[in-house]
Structure formats: structure tokens, C-alpha cells
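Inspection log for the structure reproduced underneath, given as C-alpha cells.
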Amino acid sequence: MSAAVQPVLADARDVSRAHRPFPIGRIALWAIVVGVFAQAFWAIAHNKNFEWHVVAQWFTADSILRGLGVTLGLTVVSMVIGTAIGLLLAMGRLSEDPLLRSLSALYIWFFRGTPLLVQLLFWYNMSTLFPTISIGIPFGPTFASWPTNDVITPLTAAIAGLSLNEAAYMAEIIRGGLLSVDRGQYETADAFGMTRWRALRRIIIPQAMRSIVPPSGNQLISMIKATSLVSVIAMGDLLYSAQAVYNRTFEVIPLLMVAVLWYLLVTSILNVGQSAIERYYARGERGAASRTPAPTVAGETL
Amino acid sequence: MTMTGLSRASLAPDTVAAPLVRARNVHKSFGANEVLKGIDLDVGQGEVVVILGPSGSGKSTFLRCINQLEKMDRGSIEVAGEQIGYELRDGRLLALSPRAVARQRRRIGMVFQQFNLYPHMTVLQNVVEAPIGIHGVPRAEAEAYAMELLVKVGLPEKAHAYPRQLSGGQQQRVAIARALAIKPRLILFDEPTSALDPELVGEVLETMRGLADQGLTMIVVTHEIGFAREAADRVVFMDGGVVVEQGRPEDVLVNPRQPRTRAFLARVI
């Protein structure tokens, strides 16, 4: 090879001068996808059977908004109770006490292993199993007693069913999160004389949150939709309210669309919230937005 | 600041001259593997003791027994006259509750091989966590003292950085400041330089040497013979779960009496 050719060749092979091939395949794919979606959108928008004016008419109706409020309220209450019980169950599963470990495992086995709908029906029909509910010493005296039908209303049955079922799932999510934290962090908390509870609250849980938040977001979204099951026990949630309307007006599809749009809207808002929470718990990670260190002490003395 | 745990021991006249740490016949097995086979060791107030020994000699395990991160199988360890993890009541030895053990650990600082800073907290938050949360020091006071300590370890400008933004050597110096922040009566160092890149070892040893000069009671498990020679009041050589030899660094390191010590030093120097 002659020395005169080489520089030209090296220059021509400089990758910064390279051209991209024309992405004909990708553009074709885009055209197809856009076409299909435009057609589908057109079909839905112009389909008389959707009766969009009826959707618009009922979208913010009082009864629908009340139902939405029940759905959101049930979701929040059940999620909070479920997470609290789930945390206790997760700690039980990780406990050194074999009794606590097996009780937690038994709970999770039962509530994950049976359909939520069946659990709700059981709670609602509790009075046929146990006509009265009492507090007292097992096999000993009772201190207080109530008729089950007074205690178990559709509301309490719904909250009990949803939150106890949720606890089983949250327990496994939280347990996974606690296990994801480096062993050394537990040891350090111990070495500095933190109590178990303090170590969890200050050191372990904030770090576990990184792996707890994403699946919990999933759970929350599942929960919003799972609340629609309570319509079978006469609880006036979003779906139940929509059903109540179309049972009178026979506008089934438009009212289901009202419910669908509300469910989508709420879950979309939650997605945004979840990203914000994930960013918060990612602080201190490499690549997270670094703050400029503020020198608070002037001069070094060592 | 008063040390409530210390008061009983220091008021009793017969324990005034007693060592700060007194380990007797400490045994520990992991399954069938007996790691500690009867360790006796006293550490005096203000003494710097460096424990040397080959890997697997049980030196880290022994260190971790002192603040009960490991539970020993036999023997006893006292710190400032209080038995760690147990209490003698009417001639019966009772295991302490986790809460009581946590209380005993409050004035024992520890520096780990892997630093173990809290990654979700800034440097300053790391240092003030125990003083504020466990010792009840007011925030302003704790933060002022923390800044003093960060100056001492040469990192005041990193107070608001997160641990992962620091080098290993800087992280370990923060960990030392964190251990100092609880005003410890004793600091345990568990191979503090073993996880560091070679060029970062010096800054950590420099910081530790400064502490040794200030009369802090330190028990250091390390492979750094140089640190032992310069900073230790006493060198303890462990091998196979027993203390083989101990004494002043100039004796143990220069003229070891035991063949096992000699063989170890020949390998590492």
C-alpha cells in the first residue's frame, strides 16, 4: 500500500462523516400504524351507538360524581389499611419468631389464594355464619357483643374485603423491598443502638421504597378497578352508579363509557404522581440531579 | 454530656482502674466452624489496640462480638464494667432485651469495611442521625458539632453531598465523623481500608492516626502494618481463633516471639 493513499483512506473512513440509510421500513410502519389508529378513532367517534352526547350529559352528573367519590374513598382507605397490615405481615414474615412467620404466611396464602369477589361476598354474608360478634377471652367471659348485621354494612364489608385482600399483596411487595436493602444498613443501624422500629423507619424503609413504590403503584391502580367489584354487595361506587342510571335509561354503552373515562382519568393522574414519588426516593442515587454543595464552614483547619 | 451507662462503673471504687473492655474466654462457632477459641483481651481507657492476623483468623468476628453484632457462644465481654448483652441478677445471668442491647451500643462507635453510609441521606444528615435521633441532642447543636467533625476529617465542603457522590476514601472519612458524632467511649474499626483503592488508603489512615493521638480508645482490625507500627499502643496478633501474641508494636512487629507471627509478618511486609 502506498503512503500517499493512506491519509485519504483514513479520512474517508472517519465515522463522523457517515450517512444514515433512509429508514424506509420504519416510515412504512408509521404510516400503517397512523392509518389504523385514524380509522379506529373515526369509527368510534362517528359510531352512533356510543351516543357521545349521552356520555357528555352524564359525565359530571351528581350521582356519577358521588359514585366516583365512593370509589376514590374506598381505594384510599383500603390501600392505607392494606399497606399498614401489609407492613406488619412483612415484618412477621421476616421475624425470627417461627409462630409469627407461619401466621403471616398462612394469612398471605389464604387471601392471595381466594378470589376477591368471593371474599367480599363472605364479608357481606358474615351474619349467616356468625350472628353476633363479641369481644372477650377465648372460651372465657365476653365483655361486649353486637349483632353482626349492625357491624357489617355494605361499607364495612367492602373496606374489610378490599383492605384485608390488599394486605396480602402489599406484604409480599414490602417484604421484597425490605430484603432489597443492603445487610450492612441493618448492621449499621444496630451498631449505632437504634431500636428495631427506628431503624426501619429512618434507615431501611426509605431505602426499601425504591423497590416498593413501582409495584405499589400497580396495586393502587388494580385497587381502583377492584373497587368496582363492590357493586355486587350494593355499594354505590362509580360502576354501581353508572349501572343504576342505565338500568333506568337503558343507555348501557354510554354510561359504561362514562365509567371507563373516569377510571382512565384517575389512573393517569396516579401515573404522574408515581413518577414524582419515584424521583423523590431515587435521591442520592448516582445520576440523580446533584445539588451544588454549599460550603457552610469557611476554611479547613486540619 | 453525661454518659449514663458509664456512671455506675466509674463510681464504684474497685473498678476505677479496670480496663474499658474486658473479654474473657470468648468462643464463637458458625455451624461446625469454630472461629473463636477462647479470646482473652483487655483494652485500657485511651488505648489504641490494633488486631492483626491472616484472613479467617477470627479478628473481625471478635470485634463484632464487642458490640454484639455477633452473639458469642461462650465467655463474656464487658465494656465500662457492663456486660454486653447480658445482666447478672441475683446470681442468674439473663439475656438483655433488644432495647437494652441497643442502649449499650449507643456509646460504642463503629466504622465498617464497606463504609455503610446511609445512601438516602446527605453527609451532614448521616453524621447527625444518631446524635439527634438516639441521643436527643438538639438539632442546632448536633449540626454544629457535625460540621466541626467534618472539618476534622477534612470534608466540610461535602456536608450537603450524597455519599455516592464521594470517593471511597471520602466516604470512609464521613463514616469516621459519624462514629465520632455520638461521643463514643470506644470506636471499633473493622478493616476500614480494605475496600479502598490503594491511593485512597493514606487519607483514611491519616485521619485515624489523628484520633489515636487525641486519646480516643480504639480497637482496629486491619492489614495495615504501617498503621500498627505508628499508631498502636499495643498490637494483638490473632491466628486460628486465638490470640497468638501481643505487646508493644516495636516488640511484636520487629522481634516476634512466636513462629506464626513471624511467618505472617514475613508474608505481608
Side-chain angles (χ1 to χ4, degrees), chain A residues 91-92 94-97 100 177-178 180-213 276-302, chain B residues 64 67-70 98-99 101-126 129-131 133-135 143-144 147-148 150-165 175 178-179 181-182 184 188 190 206-207 210:
Chain A
M91 287 164 67
L94 297 172
S95 153
E96 284 161 21
D97 186 341
L100 280 181
L178 296 179
S180 76
V181 178
D182 178 22
R183 193 65 236 149
Q185 294 287 314
Y186 287 88
E187 280 196 344
T188 308
D190 275 350
F192 275 86
M194 288 190 199
T195 56
R196 202 50 350 154
W197 177 237
R198 189 177 172 81
L200 268 180
R201 195 164 51 81
R202 296 286 305 169
I203 309 300
I204 305 303
I205 289 178
Q207 295 181 57
M209 285 306 266
R210 291 215 60 204
S211 42
I212 291 176
V213 170
I277 294 174
E278 280 176 25
R279 267 198 310 280
Y280 173 77
Y281 282 109
R283 73 193 189 282
E285 283 300 306
R286 218 189 283 274
S290 60
R291 285 189 260 162
T292 31
T296 31
V297 167
E300 296 184 27
T301 54
L302 198 79
Chain B
R64 293 157 57 83
N67 62 357
Q68 241 209 0
L69 285 186
E70 299 292 353
R99 190 165 286 273
V101 173
R103 190 187 54 76
Q104 287 184 328
R105 287 168 171 155
R106 287 180 180 184
R107 294 291 178 193
I108 303 175
M110 187 153 190
V111 175
F112 296 86
Q113 183 177 352
Q114 301 293 343
F115 330 134
N116 292 1
L117 293 179
Y118 311 129
H120 58 300
M121 298 182 182
T122 64
V123 164
L124 186 65
Q125 288 169 336
N126 262 278
E129 176 60 27
I134 301 171
H135 300 265
E143 286 185 350
M147 285 312 300
E148 229 175 272
L150 288 177
V151 170
K152 201 167 175 176
V153 300
L155 292 166
E157 75 285 358
K158 297 292 186 192
H160 299 285
Y162 282 96
R164 286 201 176 95
Q165 298 163 340
R178 177 175 68 171
I182 61 170
L188 309 173
D190 188 7
E206 186 62 37
T207 306

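In what follows, chains carry the letters A, B, and so on, assigned in the order in which the sequence lines appear, proteins first and then strands, with residues in each chain numbered from 1. As the structure is a computational prediction, the values presented were derived from the model and not from experiment. These values consider heavy atoms only, across backbone and side chains, with no hydrogens, waters or symmetry-generated copies.
- Only the side chain of Phe112(B) has a heavy atom closer than 4.5 Å to any heavy atom of chain A.
- Minimum interatomic distance between Ile134(B) and Met194(A) (heavy atoms only, all atoms of both residues): CD1-CG, 3.4 Å.
- In this structure, the side chains of Thr188(A) and Arg178(B) come closer than 4.5 Å at one or more pairs of heavy atoms.
- Closest approach of Arg99(B) and Thr195(A) over heavy atoms only: NH1-CG2, 3.7 Å.
- At distances below 3.5 Å, at least one donor-acceptor pair connects side-chain atoms of Gln185(A) with backbone N or O atoms of Leu117(B).
- Among the candidates Gly210(B), Pro119(B), Ala130(B), the residue making the largest number of heavy-atom pairs closer than 4.5 Å to chain A is Pro119(B).
- For the options Val123(B), Leu69(B), Val101(B), heavy-atom pairs under 4.5 Å to chain A are most numerous at Leu69(B).
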Could you give me the CA-CA distance, side-chain angles and deciding distance for Glu187(A) and Arg64(B), then say whether side chain to side chain contact (heavy atoms under 4.5 Å, CB included) is met?
CA-CA 10 Å; Glu187(A) 280 196 344; Arg64(B) 293 157 57 83; 2.5 Å; yes
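- Distance check: Tyr118(B) OH to Ile204(A) CD1 gives 9.0 Å after rounding to the nearest 0.5 Å.
- The CE atom of Met121(B) sits 4.0 Å away from the CD1 atom of Ile203(A) when rounded to the nearest 0.5 Å.
- How far CZ of Arg202(A) is from CD of Gln125(B): 7.5 Å, rounded to the nearest 0.5 Å.
- For a residue to count as touching a neighbouring chain, one of its non-hydrogen atoms must lie under 4.5 Å from one of that chain's; by this rule Glu129(B) touches chain A with backbone and side chain alike.
- For Arg196(A), no part lies under 4.5 angstrom from a heavy atom of chain B.
- Residues Ala191(A) and Asn67(B) share a closest heavy-atom pair of CB-ND2, 3.8 Å.
- Without hydrogens or angle criteria, Asn116(B) side chain to Gly184(A) main chain gives a donor-acceptor distance under 3.5 Å.
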